[in-house]
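The chains referred to below are lettered A, B, ... by the order of the sequence lines, with proteins before strands, and numbering in each begins at 1. The analysis underlying the following values was restricted to heavy atoms, covering all of them including side chains, and did not include hydrogens, waters or symmetry mates.
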Amino acid sequence: MAQKPGIPKGTRDFSPTEVAKRDYIFAIIKKHFELFGFQPIETPSFENSSTLLGKYGEEGDRLIFKILNSGDFLAKADENFLKDKNSSKVTAQISEKALRYDLTVPFARYVVQHQNELVFPFKRYQMQPVWRADRPQKGRFREFYQCDADVIGSKSLLQEVEFIQLYDAIFSELGVTATIKLNNRKILSGIAEIIGAKDKLINFTVALDKLDKIGEEGVVNEMLTKGISQEAIAKVKPLFELSGTSEEKLDTLKGLLASSDEGLQGVQDLRFVIESISKLGLDQSKLELDVTLARGLNYYTGAIFEVVANDVKLGSIGGGGRYDDLTGIFGLKDMSGIGISFGLDRIYLVLEELGLFKQVVELPKPKVLFLNFGEAEANYCLEALKAFRESDIKAEIYPDAFKIKKQLNYANKREIEFVVLVGEEELQRKRYTLKQMNSGEQQTLDLEELLQAVRNS
RNA sequence: GUGGUUGUAGCUCAGCUGGUUAGAGCGCUAGAUUGUGGUUCUAGAGGUCGCCGGUUCGAAACCGGUCUUCCACCCCA
């Protein structure tokens, strides 16, 4: 008995229809990336572990797929680590490579390595799979595609504005109404400064984020249990009442963060971006200032983005932000970068759920099928087959001389519009019988007429 | 990482409180119909009931473990 095959947890196969739908999304994203001046690069699926580790926070490191060294890797491992079952130390010794976790860190590595060839500011896009050893669930896979656009080598806030427009352009063309959430790490640092606890910042934002779920009292309780002091909470109380337009929120924040230079800088940055966007206007998307937006990735220093689809309950379908010193880790200073990412697989789920694929995606399929009546007849068809292809008409011949019923069935299932029948009689008269599958009409023609008939249909 | 859920034919799923030989629809193959399809009718092939162990006279069903599916939390795209 043959063993049952399977694929690893969190991975998927894609059928022809699914590939066509994915290609449709890729094409739109790519088009807009290029309209905004980005150029494509690709990087390897796996990197040296040292490039990846430590860039995504503790949680991120845990989710990186490690690749075992080749050869007799255990021979080189330290016996004491093995004896103690010290996984992290042993892992470092037996694994020197890892699958990429996102496209931003490999991009930073790329920039540093190729700095002499690049023209700055460098604008690149990249659409490749990434891998995370996460537990799969709805919209979460272990292998999925990210489509990233980044600019490196400019601190200008114009980039923030442009990326919001880029988000809007792509989601609007896809037909998805999206909310682009915006925040700034400087605001978060300012808040941390005010509450006097930089290490409590994550707890703080997580608690604050639950405001509309558990109410003010619930949030305060959670903060207290996480060790944030009563006085600190009192100081940032205005955050609980943060509402109204973005301008009003910014004014509240400005008052709140008056004693933090960094916080005020964040307010000023946000104000520029928000005012620019409101002057320009957005197509289908909505821009929303969200001070609870934190994002786990360690390397962000300025603006942070997250995009959610308004009509589908799913995690974020895009994210990004500014990172002032990502290349610094690899030895290239003063290279501020900013970028955004599109989660292809989640966007796919959104389009599917909203029924936005139907009219749009067409599967590549042949227009003409030559039936196979036997060796001589099939050989005779090859000339016509070639002629069709040379006229850019998709055509194929049934490979085996099976029953006509079976061959016609095949044509039906593949929804092929025309079949060509060449039997003994056509062969002798040098003719082709063309049959229109929907109507059942057929006519016997010579090669020129045959091409003409299909071309004109 | 925590909690739950799922697994029976190629596919979608039935299968009662444990009881003879495990079912249906779709698909597949063949025939009705030897050069004309989609419909219909008839027949046929196809299953170590995810895997390992346990309870029992007897397990697809109950118990334990394990893998897998999907979901929530955490985190994220």
### Message
Please encode protein proximity along nucleotides 34-43 of chain B as a string of B, S and -, counting only heavy-atom distances under 4.0 Å.
### Response
-BBBB-----
### Message
If you assign each of A/F144 and A/I7 to its closest nucleotide in RNA chain B, which residue comes earlier from the 5' end?
### Response
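Looking at the nearest nucleotide for each, A/I7 comes out on the 5' side.
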Can you check the [X] [atom1] to [N] [atom2] distance for me, whole Å?
{"X": "A/Y145", "N": "B/rC76", "atom1": "OH", "atom2": "C1'", "answer": "20 Å"}
{"X": "A/F305", "N": "B/rC76", "atom1": "CZ", "atom2": "P", "answer": "17 Å"}
{"X": "A/R135", "N": "B/rG4", "atom1": "CZ", "atom2": "P", "answer": "11 Å"}
{"X": "A/K138", "N": "B/rC76", "atom1": "NZ", "atom2": "C1'", "answer": "16 Å"}
{"X": "A/R62", "N": "B/rC75", "atom1": "CZ", "atom2": "P", "answer": "12 Å"}
{"X": "A/D134", "N": "B/rC71", "atom1": "CG", "atom2": "C1'", "answer": "14 Å"}
{"X": "A/I64", "N": "B/rC76", "atom1": "CD1", "atom2": "P", "answer": "14 Å"}
{"X": "A/R140", "N": "B/rC76", "atom1": "CZ", "atom2": "P", "answer": "9 Å"}

Mind checking whether [X] and [Y] have side chains closer than 4.5 Å, heavy atoms only?
{"X": "A/I29", "Y": "A/M127", "value": "yes"}
{"X": "A/Y323", "Y": "A/D150", "value": "yes"}
{"X": "A/F171", "Y": "A/D283", "value": "no"}

### Message
Keeping A/K249 on the side-chain end and A/L289 on the backbone end, is there a donor-acceptor pair under 3.5 Å?
### Response
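At least one qualifying donor-acceptor pair exists.
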#### Entry: Test item: A/S341 side-chain N/O and A/G320 main-chain N/O as donor-acceptor pair under 3.5 Å
no
[N] versus [M] - spacing of their [atom1] atoms, nearest Å:
{"N": "B/rA60", "M": "B/rA9", "atom1": "C1'", "answer": "14 Å"}
{"N": "B/rU68", "M": "B/rU6", "atom1": "C1'", "answer": "9 Å"}
{"N": "B/rA77", "M": "B/rC11", "atom1": "C1'", "answer": "31 Å"}
{"N": "B/rG4", "M": "B/rA22", "atom1": "C1'", "answer": "29 Å"}
{"N": "B/rG58", "M": "B/rG53", "atom1": "P", "answer": "16 Å"}
{"N": "B/rU40", "M": "B/rG27", "atom1": "P", "answer": "9 Å"}
{"N": "B/rU69", "M": "B/rA59", "atom1": "P", "answer": "30 Å"}
{"N": "B/rG44", "M": "B/rG38", "atom1": "C1'", "answer": "23 Å"}

Do [X] and [Y] have a side chain donor and acceptor closer than 3.5 Å?
{"X": "A/Q126", "Y": "A/R124", "value": "yes"}
{"X": "A/D325", "Y": "A/T301", "value": "no"}
{"X": "A/E34", "Y": "A/Y125", "value": "yes"}
{"X": "A/T433", "Y": "A/E426", "value": "yes"}

### Query
Any side-chain N or O of A/Q137 less than 4.0 Å from the OP1 or OP2 oxygen of B/rC71?
no
### Query
Dot-bracket for RNA chain B, 5' to 3', with Watson-Crick and G-U pairs under 3.5 Å, [ ] for crossing pairs and | for other-strand pairs: what is it?
((((..(..((((.....[...)))).(((((.......))))).....(((((..]....))))))..))))....
#### Entry: Selected nucleotide, minimal atom distance to A/K9 side chain, candidates B/rA77, B/rU69, B/rA30
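Ranking B/rA77, B/rU69, B/rA30 by closest atom to the A/K9 side chain puts B/rU69 first.
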### Query
Counting any heavy atom closer than 4.0 Å, what does A/G320 reach on the DNA or RNA strands: base, sugar-phosphate only, or nothing?
nothing
### Message
Using a heavy-atom cut-off of 4.0 Å across all strands, would you classify A/F141 as base, sugar-phosphate, or nothing?
### Response
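Base: the residue A/F141, judged by heavy atoms under 4.0 Å, touches a nucleobase.
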### Query
Are the ring centres of A/F402 and A/Y410 closer than 6.0 Å?
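No, they do not, as the ring centres are separated by 6.0 Å or more.
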